[in-house]
Structures are given as C-alpha cells and as structure tokens.
Amino acid sequence: MARYNPKEVEPKWRAAWADADVFRATAEPGKPKYYVLEMFPYPSGRLHMGHVRNYSLGDVIARYKRARGFAVLHPMGWDAFGLPAENAAMERGVDPKAWTYENIDRMRAELKELGLAIDWSREFATCDVEYYGKQQAWFLDLFKAGLVYRKESVVNWDPVDQTVLANEQVEDGRGWRSGAIVEKRKLNQWFLRITDYADELVDALKTLDRWPDKVRTMQENWIGRSKGLKFSFEFAGAPPAGFDGGLEVYTTRPDTLFGASFVGVAPDHPLAEQLAQADPKVAAFIAECRKGGTSEAEIETAEKVGWDTGLKVKHPFDPAWELPVWIANFILMDYGAGAIFACPAHDQRDLDFARKYRLPVKPVVLPPGEDPGAFDVGDEAYTGPGTIFNSAFLDGKDVEAAKAEAIARIEAMGRGEGTTVYRLRDWGVARQRGWGCPVPVVHCAKCGVVALPKSALPVALPDDLDFGKPGNALARHPTWKHTTCPDCGGPAERETDTLDTFVDSSWYFARFADTGADEAISKEAVDYWLPVDQYIGGIEHAVLHLLYARFVTKALADQGQLSVREPFAGLFTQGMVTHESYRRQSGEWVEPREVEITTEGKTRRARLISTGEPVVIGDVEKMSKSKRNTVAPEEIFDVYGVDAARLFVLSDSPPERDAHWSTSGVEGAWRFVNRVWAEFDSQPASGEGDGGSDPAADELRVFTHRTVKAVTEAVESFRFNSGIARLYEFLNKLKEYPAAGANPAVLGSRQEALSAFARLMAPFTPHLAEECWTRIGGEGLVANAPWPEFDPALAQDAVKVLPVQVNGKRRGEVRAPAGAEPADVEKIVLDDPEITRRLEGLTIRKVIVVKDRIVNIVAA
RNA sequence: GGGGACAUGGCGGAACUGGUAGACGCAAGCGACUUAAAAUCGCUCGGGCUUCGCCCGUCCGGGUUCGAUUCCCGGUGUCCCCACCA
C-alpha cells in the first residue's frame with residue numbers, strides 16, 4: 001500500500017492530458033456543444049485564491065459536460081492592457097509590454113498547475129497586436145455604421161491616472177481605480193452609441209433566464225428607463241434670448257400638472273447661465289451650488305436651495321395661471337431636460353423646497369379612502385396610487401389614465417410629446433493612455449477626422465514608448481503619430497487616444513471561437529460555439545463589463561458578424577475568497593502564515609509565531625494585499641497538492657457565497673484525498689467479483705446509484721458543496737464494506753462503486769481521479785470516461801422508513817415498500833403496536849399519508 | 001430616499017416542490033495505537049430535564065396548514081446595488 005504523493009501523481013497526469021491533447025475543443029456537427037468561460041484574468045503576475053476558486057468552478061462544469069458527451073470549448077486568455085502595467089513602468093522603469101508578457105508567462109504556469117481542462121491552443125492576450133488589430137477592424141465597422149462619434153463633452157477626469165473615466169467608472173465621485181476625486185473637464189471624446197440599444201438592453205434582460213435576478217435588476221436600474229412627457233412652458237411676457245420656443249421640462253408625472261407650484265432649472269442650465277451673465281448675484285448663487293461635494297453623505301445632508309429668477313411661465317392648460325421660475329440645486333442638468341415642473345404635494349424633493357420657500361402645495365391625487373375635503377399634505381409627499389382631483393378635465397381618473405390624457409392633450413396642442421428617458425449615457429471609450437488599443441483614425445488638416453482603411457490595420461503600438469512620467473506616452477512619442485492622410489495623401493496625425501480596456505473584454509469570447517481567423521470574428525465558428533453557455537465571474541462586473549459585452553454583441557450582430565444577440569446564455573456570479581485578518585498591537589497587519597492560533601474552549605487566540613506577541617483577530621474579509629490576509633496558492637499546492645486545494649475551495653460553501661479559507665479546512669480536504677486513495681488501494685487488482693446476489697452487495701449498489709443521482713443533480717444545479725458532501729458520505733459507506741475478507745459479490749459491488757466514484761470525483765479532483773481510475777483497471781483516461789449513469793429503480797430503497805407523526809410530532813416509524821399506496825401504509829401504521837400504544841385514549845380524526853415520505857395522524 | 005438579497009449548533013453549511021431540522025466538513029472532548037509526539041483509527045458533540053423517554057429549538061411577533069427553516073403579514077439585524085433621476 002503506497003501513500004498518495006500528489007507531487008508525483010499530479011504532474012504525471014497533467015502531462016498525460018497534454019500528450020493526449022484531451023481538452024482541445026473541436027466543433028463536431030451532430031454533437032451538442034457547450035461553451036464554458038470564466039472571466040479572463042488581468043495578468044497581475046501572481047495567481048491568488050480567487051483565481052483558484054473561479055477557474056476551479058468553471059473546470060467542474062467543463063469536465064462534467066465533456067463526460068456527458070458535449071463538445072466543450074473552455075479557453076483561457078489575458079485581459080492584458082490597462083493601467084497597472086503603466087504604473088509598474090513608472091515606478092520601476094520596466095517596459096509595460098515586457099512586464100505584462102512576463103506576468104502572463106508566470107501566471108500561465110501557475111494556472112496550468114491547477115490542472116484545468118482548458119484548450120490552451122486558443123490562448124491570446126488582448127495586448128497581442130493580432131488581437132487588438134482585429135478590434136480596430138470592427139471598431140471601423142461600427143464607425144461606418146454611425147455607432148462611433150466624437151463630441152466635445154464634459155468628462156470625468158481622473159487627476160491621478162491622468163485619464164478620462166466613464167460614468168460607470170466613477171464611484172462616489174472617485175475614480176474606480178485610483179480613488180482620486182474626479183474633476184470635470186471639457187474634452188473632445190470618442191463615444192459608442194450604447195444608448196441606441198438601451199431599449200433592447202432592457203427588454204432582452206427578461207430572456208436571460210439563466211442569469212441571476214440580482215444582476216438583471218442591477219442592469220435594469222443602471223439603464224434607468226422611464227416613460228414620461230417632455231414639453232415646453234410658454235413664457236409670460238417676452239422670452240429670454242434663445243428661449244422663443246419656451247422652457248422645456250421633463251416629467252414622469254404629467255397627471256399632477258394641475259398641482260404645479262413652480263418651474264425649476266438646474267444651476268448649469270443655459271437659462272441660468274444666461275441670467276448669471278447679466279446678474280452677479282445669480283452668478284454667485286450658481287457658484288455656491290457647484291461647491292457642494294458629490295459624496296453620498298454630502299448629497300444626503302445637502303440642503304435644497306433656490307433662486308427666484310423673477311421670470312414667469314404660463315400653465316399649459318390655463319394660460320391665465322402663471323408659475324414662477326426658480327433655479328434649484330437639486331435639479332440635474334444631465335437628466336431629462338435639466339428642468340422640471342414641481343408638484344410639491346406628490347414629490348418629496350419638491351415639497352421640501354416648497355415648504356422652505358413658502359410656495360403653494362396643492363394636492364391633486366387623492367389616496368383611496370380619503371375625504372377630498374379633508375385630505376392635506378404635511379411634510380410627507382403622497383406618491384402612491386389614487387384618484388385625481390382639483391384637476392379640471394383629469395378629475396376622477398386614476399393616475400395611469402390621467403397620465404395618458406395629459407400627454408394626449410399636450411401632444412394635440414403641439415407643445416410636447418410622450419418620451420422615454422434613460423439614465424444610461426453613451427459610452428465614452430477614449431483613454432489618454434499609451435498602453436492600450438490605438439483608435440484607428442487620423443486627423444488631417446484638410447479632411448478632418450479620417451477613418452483608416454482596413455488595409456492600414458493593424459495600427460500597432462511602437463515598442464519604444466516612454467512611460468517614465470504621467471500622461472499619454474503615445475501622444476508624446478516623437479514619431480509615431482506622424483503619418484499621411486489616407487484620403488488626400490497629405491500630412492496627418494494619428495489619433496493618440498486608446499480604447500477603454502472594457503472594449504477589449506467586450507468581444508474576446510467571440511474571438512475564442514476561432515483565434516486564427518483573418519476577420520475579427522469567424523462567422524462559421526461563432527455560429528457553432530456562441531452563445532457562451534455558462535459564463536462565470538464576479539458580481540463586480542454585473543454592470544460594466546456585462547453591459548458593454550451585451551451591447552457590442554448586439555452592435556456586431558447588426559453588422560452581420562454574429563448571429564446571436566446575447567453573448568452569455570447562462571451567468572453565474574461566484575463569491576470571493578475570504579480570510580481572517582490579523583494585526584499587531586501596533587496596528588500593523590500580519591500574514592496568516594506568521595500567526596499561530598490556539599483554542600481554549602470557544603475562545604480563539606492568535607500570536608506571532610516568531611516572537612509569541614499576541615495579535616488581534618480581525619474580521620473575515622476578502623483576501624487583499626492591504627490587509628495582508630492572503631494565502632499564496634503555490635504554498636498550499638506545495639504542501640497538500642492541487643486537488644486538496646481545489647476540493648476545499650469547492651466544498652466549503654455554495655459557489656455564489658464567499659468561501660472562508662482556513663488551514664484546517666484544506667487539511668480536511670487533504671485527509672479525504674488520502675482516505676480515498678487508501679480505499680482504492682485496498683481493492684484487489686482482480687476485483688471484478690461475480691456480481692452474485694448478496695444483501696450487503698445489494699445495499700452498496702443501491703448507495704452507489706443513489707450517490708450518482710445526487711452528485712449529478714448537485715453539479716447540474718451548481719451546488720458543488722453538496723455534491724462533494726455526497727462523495728464524503730460515499731467514502732464513509734464504502735468503508736463499511738471493506739475489501740479485506742469480502743465475498744465475491746461484495747467485491748463486485750465495490751468495483752462498481754469505485755468505478756462510479758472515480759468518475760464522480762473527476763471534475764473536482766481530476767488528478768486523484770486518474771490515479772484511482774488506473775488503480776482499478778479503468779480504461780484509458782478518466783477524463784475521457786463517460787459520466788456514470790444511475791438506474792432510477794436502484795437509486796432508491798426497496799423498503800422505505802416512514803416517520804409517523806401524531807399531531808405533527810414524531811412518535812415512531814414504520815417500514816413500507818417503496819411506492820406503497822396510502823391505504824396500505826395506513827393499515828401498516830394502525831397495526832403497529834408501538835403506534836397504537838401511542839394512540840391509546842385518543843380518537844383518530846384523520847390519517848395523512850404522503851407517499852414514500854411521512855405519515856401524520858390527527859387525533860384528539 | 002429607492003431597489004434587492006440574506007438570517008439555521010462554537011464555525012462553514014445541508015434539508016428536493018410545505019413532510020424525520022442540523023447531512024457533510026471544521027473546531028472541541030474522550031478513547032485506541034505509540035516510550036512519546038505527529039499521523040491514523042474509533043466514539044461523543046443544539047439546549048434542557050424527572051434520560052428505555054419527554055420538553056424546547058431554524059432572528060423576533062403574528063397568521064395559513066394535519067404539518068412551516070420553507071408560504072403570507074408586521075418588526076429587527078446584516079450585506080449589496082442605485083441615488084436630489086423629476
């Protein structure tokens with residue numbers, strides 16, 4: 001009996017898979033396909049436990065689907081452009097390209113050590129010119145289609161990273177990477193018209209039934225579609241310059257028009273700016289409004305302030321009714337029309353404002369059951385349903401009917417129209433960075449902005465960029481940008497902006513279908529492989545990456561380059577890997593490996609191994625460098641092997657929840673690995689047996705089939721932790737039927753059980769499974785073996801143990817054949833002496849028999 | 001302020017669609033083996049009691065049901081997303 005040695009066993013099987021080219025994805029017409037993809041990593045240089053978990057999860061699916069007979073595509077690549085490389089360049093004087101490719105080499109080696117069922121022949125990095133050149137090609141297609149445009153716009157400028165950020169990349173007024181407070185700047189920017197697809201992006205969410213509801217809700221909120229009315233107020237008296245058409249406002253509550261109290265414009269509304277030029281006091285007020293911070297706390301506490309412009313507008317339904325025009329700090333210029341009409345009775349912000357400035361508050365929606373004479377609004381606006389009153393021709397209608405009526409009247413008057421407004425903005429894709437995909441256009445003094453012909457692609461980055469200082473290395477390169485105009489042949493300058501790295505990751509899944517194709521996307525290959533059947537990644541990409549990828553898929557489908565309109569049919573968002581954090585009295589964080597934990601009863605203490613100094617046990621948090629609560633995967637692989645690490649990270653918690661890393665946990669997995677090997681190793685080599693009838697052999701066989709059923713269902717439904725628990729039970733059961741001294745029937749039953757066991761564990765612990773498979777004489781590689789089938793008749797006991805309740809409390813149990821009819825079961829129960837003893841002195845009112853489950857006797 | 005998710009032993013978690021709550025693992029305790037330790041193996045392990053059995057127990061309070069961790073109503077707490085979005 002040989003002790004299991006992962007250091008020898010694991011590399012051996014990885015080599016065997018590679019030699020047999022087992023995981024190469026091959027399109028096989030007539031075979032169902034399955035595309036499993038985990039979000040590709042940024043090549044930071046080191047594998048962390050989050051990667052181990054993410055890629056192990058996908059690997060379970062990939063290996064399982066292969067065993068079920070699918071043609072599986074499970075590729076790997078690198079999201080390789082981006083700021084960390086430039087920062088490394090600046091800090092350490094290294095070349096970003098060399099730094100990135102070195103990181104890729106190191107991480108590829110580590111990932112390969114995980115034993116993943118990946119087709120490595122399809123690997124690429126987004127910084128490969130072969131990849132971003134193709135990206136430039138479809139960018140030009142979108143350009144031609146009018147989906148790319150340039151506009152002078154106020155942008156979010158990150159002063160630390162020296163670049164523009166998309167709205168999605170600004171969190172609480174800070175850059176999502178640098179954490180620096182974002183400034184507003186006016187720049188000429190490149191945009192993609194994602195808003196053209198806003199409706200489809202919302203509507204198609206409901207077709208994504210294998211996406212988490214949470215992610216769909218987040219995207220829906222992000223796009224923020226609202227239906228309402230855009231219309232113009234006519235000024236009473238002479239309109240200000242440029243406002244001959246009146247003052248346009250947007251509302252989602254046209255039903256409350258008769259409750260109007262005032263009209264408000266944003267401080268940066270053109271009308272406000274015009275008034276500010278004429279009146280320094282207005283200018284001062286606007287300047288005051290701009291001061292306020294954008295942080296959550298500041299918005300929460302910011303008081304509503306306003307400025308009465310003295311201007312008046314006419315109510316659209318009653319020209320004699322004049323409303324004052326205010327400038328108000330709570331109105332946002334970049335939503336709707338940047339101006340509103342306020343109905344304080346039914347909008348909290350309007351009410352706060354109206355109370356402060358003593359403006360009228362007139363209720364027009366009567367809550368159900370309220371008396372129209374008595375209903376009044378205090379300090380809380382009523383936003384619920386009700387009947388319209390105080391509103392002329394809208395009186396008596398419900399809210400929805402009144403909205404429709406008001407919109408119809410305004411449209412008939414030619415003053416406005418019902419419209420849809422989105423929170424979603426177009427996607428600003430330009431970045432003033434050198435380490436990215438160049439935008440393939442030139443600026444010609446004569447012809448303006450000229451898109452390059454595809455024959456001029458790829459526009460490759462120069463190799464000698466200077467990343468020694470902040471800013472755009474591409475723009476300051478001495479020669480790169482100088483070129484000729486493809487239209488007139490005159491001198492021209494290349495665009496020095498590069499594309500947001502989210503562009504790189506918005507189509508990589510399509511490139512994987514055929515990484516050698518001349519065109520960006522091979523139609524034939526994507527028609528076979530897409531959509532991705534199972535996409536796996538972190539919830540942090542719920543909006544940004546997943547929304548952009550959906551948009552690009554739709555845009556490319558409209559260019560005829562793809563047939564699917566949704567890239568990811570199934571999405572799974574996995575939890576993070578967490579660990580306790582530890583810090584010294586001095587406040588300094590220390591790594592788990594430096595800490596020793598002792599337990600006294602229920603209290604745990606930690607101290608430094610080196611000095612014995614006590615350390616404080618902190619919260620369980622996401623593993624991060626700053627808290628130093630990380631555990632290096634390679635150290636775990638070194639001690640326990642890859643399989644034990646995979647097994648623990650998969651078994652600890654359900655995949656969608658956080659997994660709490662612990663040394664004792666991985667030790668438990670390691671114990672299991674060894675016990676499994678010991679069990680297989682104890683089976684005689686000629687263990688076929690005769691399969692004859694024997695009660696013990698039959699029992700084991702039933703357990704085998706039941707386990708196959710349970711593990712299959714667990715894998716299918718992403719409950720890997722439960723599936724692994726079934727394998728632990730299976731092993732415990734096997735040990736009750738040891739090979740030593742067993743009769744041939746039991747040995748035969750064991751052989752069947754072990755054969756199933758090896759195949760069931762293969763997705764989780766692939767190396768161990770191969771070793772065990774070979775040990776029991778399995779044919780070829782277990783990676784190529786079919787998934788075990790179960791016999792439904794055998795997957796359950798012939799005789800069921802049914803608990804018997806009296807008035808809902810368990811009072812005993814009876815045995816009945818599986819599938820026994822309720823009447824027969826009732827007879828068995830009422831004949832049972834123990835049960836009848838329990839029922840002494842009681843009258844049976846009712847007997848409820850749930851087939852194969854439970855019996856409940858209602859008695860009094 | 002709006003939207004969403006979650007709450008089960010000392011811990012991670014299990015319980016299919018309303019049917020034996022606590023599977024499996026971790027930690028802990030006891031024992032075997034050992035000169036000893038580690039490893040390994042076996043047993044115990046929600047709380048309480050008058051312990052062949054009984055009572056309580058899935059965040060709290062109600063409800064529906066023969067039966068509720070599961071469904072409904074109302075709270076509390078934790079986490080996530082969005083946010084002066086008209």
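Proteins get letters first, then strands, A, B, ... in listed order; numbering begins at 1 in each.
On the C1' atoms, B/G19 is 32 Å away from B/A27, given to the nearest whole Å. If you take atom C1' in B/U8 and the same atom in B/G22, they sit 8 Å apart, rounded to whole Å. Remark: the separation of the P atoms in B/U20 and B/A68 is 11 Å, to the nearest Å. Annotation: B/U69 and B/C6 have their C1' atoms spaced 13 Å apart (nearest Å). Taking atom P in both B/G63 and B/C52, the straight-line distance is 35 Å, to the nearest Å.
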- prompt: How does RNA chain B look in dot-bracket form if you count Watson-Crick and G-U pairs under 3.5 Å, write [ ] for pairs that cross, and put | where a base pairs with another strand?
  reply: (((((((..(((......[....))).(((((.......))))).((((...))))..(((((..]....))))))))))))....
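Within 3.5 Å, a donor on the side chain of A/K304 pairs with an acceptor on the base of B/C84, or the reverse. In this model, no side-chain donor or acceptor of A/N221 finds a partner on the base of B/C82 within 3.5 Å.
Glycosidic conformation, B/G9: syn, with the torsion inside 90° of 0.
Side chain of A/D652, nearest nucleotide from B/U20, B/G12, B/C84: B/G12.
For the 3.5 Å distance criterion, the side chains of A/Q348 and A/D352 qualify, holding a donor opposite an acceptor.
Contact check, A/R349 against B/C85: a side-chain N or O comes under 4.0 Å of OP1 or OP2.
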